[in-house]
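Notes for the one structure printed next.
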Amino acid sequence: MKKEIEAYKEEVKAFVADNSQKLESFRLKFISKKSVINDLFESFKQVAPEEKRVIGPALNELKQMAMARLKELSENLENSSATTSSIDVTLPPVYEKGSIHPLSRIKNRIIRIFERQGFSVADGPEIEDDFHNFTALNFPENHPAREMQDTYFIEKNPDILLRTHTSNVQIRLMENGKPPFKAIMPGRVYRNEAISARAHCFFHQVEGLHVDKNVSFKDLKQALYHFATEMFGKDTQIRFRPSFFPFTEPSAEIDISCFICGGSGCKICKQTGWVEIGGSGMVDPHVLESVNIDPKEYSGFAFGMGIERIAMLKYQIDDIRLFSENDLRFLQQF
């Protein structure tokens with residue numbers, strides 16, 4: 001055994017490791033639990049007592065030598081890698097710049113436009129109760145208007161749901177304060193719809209509310225006209241088409257003149273010269289009463305539009321699914 005130990009000592013001294021694979025080979029052969037040195041220690045148990053006095057110290061010396069050599073080889077390899085590296089650490093960093101998501105771009109732009117008109121920004125819960133999402137907004141129980149918005153209800157509790165619009169924030173704002181109110185409510189909403197190029201089960205809205213004394217439909221038109229010209233260009237025209245929403249009366253759909261073709265007709269506006277961007281109207285007196293605001297003293301207007309809808313028009317995107325698929329080829333365009 002002594003000759004075997006001396007042979008391994010010579011091998012340890014002469015071992016060269018110029019890469020990580022060879023270094024690992026050395027470790028496995030001499031240091032690991034299944035190493036030749038561990039095998040020698042097992043065999044040492046069978047050595048005659050008179051020989052152990054000689055072989056024992058030699059075996060311990062081999063073990064210490066192997067551990068020291070592993071440390072030396074590892075340090076030499078690290079130093080060699082540092083000096084031969086092709087990376088010049090004195091160069092400035094090179095990295096790809098990220099980009100702001102198109103929906104964030106549009107949302108931030110909308111916020112800035114309305115902030116300049118004196119609107120503040122309000123937020124509220126995405127998990128809502130029936131009262132704030134429907135009842136307070138003039139959706140009576142079992143009313144057909146509720147079917148306009150397919151809803152995700154929380155399992156085992158039909159009174160709790162994922163909000164179908166950000167109008168719930170309007171209710172909470174009026175419920176917890178006193179007029180005047182002038183705020184917009186951007187946020188994510190959910191509807192149980194089949195996902196397609198034109199529809200998704202979650203999307204983003206921005207709604208606006210202005211409640212004060214003597215607020216009129218004229219104020220609504222002025223606010224939205226200013227928004228349209230700021231967002232789509234100074235030559236943009238705006239029109240209102242009669243519509244129905246449970247929480248506003250009168251109600252109107254909002255159309256803007258097509259900013260792509262200038263109103264002459266194209267595929268964006270389907271040859272009509274107009275594109276729809278949202279809904280609006282005067283706040284229904286029943287909604288004001290539900291939050292203890294006297295409709296004889298106060299009036300207000302409300303509006304809402306889809307942020308995806310605005311982004312699709314602005315950037316001429318034809319598939320709403322692109323906004324949530326996180327495809328870098330799409331996002332890097334912005």
Side-chain angles (χ1 to χ4, degrees), residues 100-139 146 148-154 159-177 181-193 195 198-211 220 223-224 227 231 245-248 254 276-281 283 287 290-291 300-315 317 320-326 334:
I100 299 176
H101 194 282
L103 292 183
S104 296
R105 285 178 176 268
I106 294 299
K107 183 187 74 172
N108 294 338
R109 175 71 173 149
I110 292 172
I111 289 173
R112 288 195 297 269
I113 291 172
F114 282 108
E115 280 182 335
R116 288 198 292 269
Q117 297 187 61
F119 287 82
S120 61
V121 179
D123 194 16
E126 294 183 13
I127 299 177
E128 191 54 279
D129 57 56
D130 183 277
F131 175 78
H132 291 92
N133 194 83
F134 287 125
T135 304
L137 288 160
N138 214 25
F139 287 86
R146 290 186 179 228
M148 296 167 59
Q149 302 177 7
D150 294 329
T151 308
Y152 284 111
F153 290 96
I154 304 300
D159 187 54
I160 305 300
L161 49 91
L162 297 180
R163 67 182 181 188
T164 59
H165 43 208
T166 55
S167 301
N168 67 314
V169 186
Q170 298 182 25
I171 297 300
R172 290 185 175 274
L173 186 67
M174 292 187 288
E175 193 178 43
N176 297 320
F181 303 105
K182 195 174 186 181
I184 58 170
M185 303 87 186
R188 183 160 49 188
V189 300
Y190 307 84
R191 296 186 187 176
N192 188 11
E193 297 183 0
I195 298 175
R198 309 299 295 178
H200 211 291
C201 61
F202 72 88
F203 52 98
H204 299 78
Q205 281 187 339
V206 58
E207 299 196 19
L209 174 71
H210 184 193
V211 176
L220 169 63
L224 292 176
F227 163 75
M231 177 62 75
F245 303 109
F247 35 87
T248 54
I254 312 164
E276 177 189 337
I277 63 169
S280 64
V283 179
V287 174
S290 71
V291 289
F301 67 73
F303 61 84
M305 60 191 78
I307 296 177
E308 279 87 347
R309 173 67 171 163
I310 302 297
M312 291 174 77
L313 291 171
K314 187 74 173 177
Y315 299 124
I317 298 169
I320 194 173
R321 293 170 293 191
L322 291 171
F323 292 121
S324 56
E325 290 179 346
N326 295 323
F334 303 92

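Positions are given from 1, in the same order as the sequence printed here.
- With Asn168 contributing its side chain and Gly124 its backbone, the two residues share no donor-acceptor pair below 3.5 Å.
- In this structure, the side chain of Gln205 does not engage the main chain of Gly306 through any donor-acceptor pair within 3.5 Å.
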Exercise for review: Could you walk me through whether Ser120 and Phe181 pass the side chain to side chain contact (heavy atoms under 4.5 Å, CB included) test, one step at a time?
Suggested key: CA-CA 9 Å; Ser120 61; Phe181 303 105; over 6 Å; no
Practice item. Check the pair Glu276, Ile254 against side chain to side chain contact (heavy atoms under 4.5 Å, CB included), reporting the backbone distance first and the verdict last. Key: CA-CA 6 Å; Glu276 177 189 337; Ile254 312 164; over 6 Å; no
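- Of the possible polar contacts, none joining the Asn192 side chain to the Tyr152 backbone as a donor-acceptor pair under 3.5 Å is found.
- Taking a cutoff of 4.0 Å between a charged side-chain nitrogen and a carboxylate oxygen, Asp123 and Arg188 do not qualify as a salt bridge.
- Of the inter-residue distances, the one linking Leu103 atom CG with Ser324 atom OG reads 8.5 Å to the nearest 0.5 angstrom.
- Using bins of under 30°, 30° to 60° and over 60° for the plane-to-plane angle, the ring pair His101/Phe323 lands in the tilted bin.
- By the 4.0 Å N-to-carboxylate-O rule, Arg198 lies too far from Glu193 to be salt-bridged with it.
- Under 3.5 Å, the side chains of His200 and Glu308 contain no donor-acceptor pair of N or O atoms.
- When each of Thr135, Asp129, Asp130 is paired with His132, the side chain to side chain donor-acceptor pair (under 3.5 Å) condition holds for Asp129 and for no other.
- At least one side-chain heavy atom of Pro186 sits under 4.5 Å from a side-chain heavy atom of Ile111.
- Expressed to the nearest 0.5 Å, how far CZ of Phe131 lies from CD1 of Ile171 amounts to 7.0 Å.
- For the pair Val206/Met305, a side-chain contact is recorded, criterion being any heavy-atom separation below 4.5 Å from C-beta on.
- Lys314 places no side-chain N or O within donor-acceptor distance of the main-chain N or O of Pro102, the cut-off being under 3.5 Å.
- Below 30°, between 30° and 60°, or above 60°: for Phe245 and Phe247 the angle between ring planes is below 30°, a parallel geometry.
- For Gln170 against Gly208, the heavy-atom pair with the smallest separation is NE2-O, 3.7 Å.
- Within a 6.0 Å sphere centred on CD1 of Ile160, heavy atoms belonging to other residues, nucleotides or ligands number more than 12.
- If you check the side chains of Asn133 and Thr164, you find a donor sitting under 3.5 Å from an acceptor.
- With respect to Phe301, the side-chain contact (heavy atoms from CB on, under 4.5 Å) criterion is satisfied by exactly one of Val211, Thr248, Val283, Leu220: Leu220.
- Applying the side-chain hydrogen bond (donor to acceptor under 3.5 Å, both in side chains) test to residues at least two apart or on different chains, the pairs with a partner in residues 103-116 are Arg116-Glu230.
- Remark: Ile310 CD1 to Tyr315 OH distance equals 11.5 Å, nearest 0.5 Å.
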Exercise for review: Go through the steps for Leu224 and Ser280 under the test side chain to side chain contact (heavy atoms under 4.5 Å, CB included), then give the verdict.
Suggested key: CA-CA 9 Å; Leu224 292 176; Ser280 64; 4.1 Å; yes
Point to revise | Test log, rule side chain to side chain contact (heavy atoms under 4.5 Å, CB included), inputs Glu128 and Leu162 | key: CA-CA 6 Å; Glu128 191 54 279; Leu162 297 180; over 6 Å; no
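- Aromatic ring centres of Phe303 and Phe114: separated by under 6.0 Å.
- Taking the six-membered ring for Trp and thresholds of 30 and 60 degrees, His165 and Phe139 have ring planes inclined between 30 and 60 degrees apart.
- Here CZ of Arg163 is found 5.0 Å from CD of Glu126. Values are rounded to the nearest 0.5 Å.
- Contacts of Tyr190 classified as ring pair (Phe, Tyr, Trp, His ring centres under 6.0 Å), with partners at least two apart in sequence or in another chain: none.
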